[in-house]
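For the numbers below, each heavy atom of this structure counts, side chains included, while hydrogens, waters and symmetry mates do not.
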Amino acid sequence: MMRKKIAAIAVAALTVVSMLSGCGSSGQSGAQSGGTLTVGTDATFQPFEYQENGKYKGFDIDLMQAMAKKAGYEKVEWVNTAFKGLIPGLLSKKFDVAASAIYITPERQQQIDFTNTYYPGGLAIMVPAGNTTVKDRSDLAGKTVAVQTGTKSVEWLKQNEPQAKIVEVESNSEMFLQVASGKSDVAVTGKPAAKAYAKTNPKVKVIDKTLTTEEYGFGVRKEDSQLKEKLNKALKDVKADGEYDKIMAKYF
């Protein structure tokens with residue numbers, strides 16, 4: 001009888017260990033080639049990532065799909081996440097990669113790693129189409145400046161133009177609307193996305209001169225060095241076979 005009890009306890013213990021080992025591992029599961037790669041994105045930033053008729057589209061979307069295929073993944077599962085939640089979501093293993101026009105910065109590199117850069121960017125100023133008073137950064141003092149919370153724009157303004165009146169909003173679409181509707185004097189955001197929006201909305205324009213020179217990268221957890229290596233190789237391969245250029249031509 002005692003042996004049976006001990007055996008039963010052992011089986012129960014193994015069952016609990018097995019169950020616990022599976023908990024919280026979903027964020028790592030996609031890191032194995034041949035499975036699903038889970039990718040977090042804030043799908044509100046044309047032309048990099050957005051949704052159309054319920055489908056994810058954009059430069060980052062197509063590029064990551066191509067890279068995942070090169071790296072041996074069967075599919076990509078997108079996790080739509082507010083920009084400010086991308087790094088926390090990555091660290092808590094809600095997804096394996098963050099792909100959302102994220103600038104590589106020293107502050108972010110303290111928390112996560114990045115792949116090699118895949119696109120050059122930079123912050124720019126968006127103003128109403130009829131505005132003639134804002135021509136460069138020196139004109140931002142005293143102006144209401146719309147920015148998306150959690151982005152590089154917020155810290156850049158605080159450090160470089162502290163006299164600007166920052167208006168933080170949750171999404172890029174809301175930020176652009178702030179300018180188009182006249183609620184904010186200007187917006188500071190990534191130039192590629194600002195130019196893409198201005199093409200479809202004649203109420204705004206983008207100042208040609210950029211405020212910064214930045215590089216975009218895909219975010220991964222620091223411990224996922226093998227995944228980073230796979231993505232870097234995939235990026236190199238996508239560029240080598242011409243697929244990168246085709247995706248570029250589609251969105252820019």
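- Transitive grouping of hydrophobic side chains (ILVMFWY, heavy atoms separated by less than 4.5 Å) brings L157 and I125 into a common cluster.
- Atoms CD and OG1, from E155 and T105 in turn, are 9.5 Å apart once rounded to the nearest 0.5 Å.
- A124 approaches I207 most closely through the heavy-atom pair CB-O, 4.3 Å.
- In the model, D62 has a side-chain atom that pairs as donor or acceptor with a side-chain atom of Y251 under 3.5 Å.
- The NZ atom of K199 sits 11.5 Å away from atom CD of Q46, with the distance rounded to the nearest 0.5 Å.
- Taking every heavy atom of both residues into account, V154 and T149 meet most closely at CG2-CA, 4.3 Å.
- Of the candidates V169, T200, T189, F176 forms a side chain to side chain contact (heavy atoms under 4.5 Å, CB included) with just one, namely T189.
- Here the shortest heavy-atom pairing between K205 and N131 reads NZ-O, 2.9 Å.
- The only member of Y118, F45, Y216 that meets side chain to side chain contact (heavy atoms under 4.5 Å, CB included) when paired with D60 is Y118.
- Taking OH from Y50 and CD1 from I61, the interatomic distance works out to 9.5 Å, rounded to the nearest 0.5 Å.
- Of the inter-residue distances, the one linking L63 atom CG with E49 atom CD reads 11.0 Å to the nearest 0.5 angstrom.
- The nearest pair of heavy atoms linking V145 to V188 is CG1-CG2, 3.6 Å.
- When each of K222, R221, K228 is paired with D224, the salt bridge (Lys or Arg N to Asp or Glu O under 4.0 Å) condition holds for R221 and for no other.
- Using the six-membered ring where Trp is involved, F48 and F59 have ring planes that are perpendicular, over 60° apart on the 30 and 60° scheme.
- Distance check, rounded to the nearest 0.5 Å: CD of E229 to CG of N116 gives 10.5 Å.
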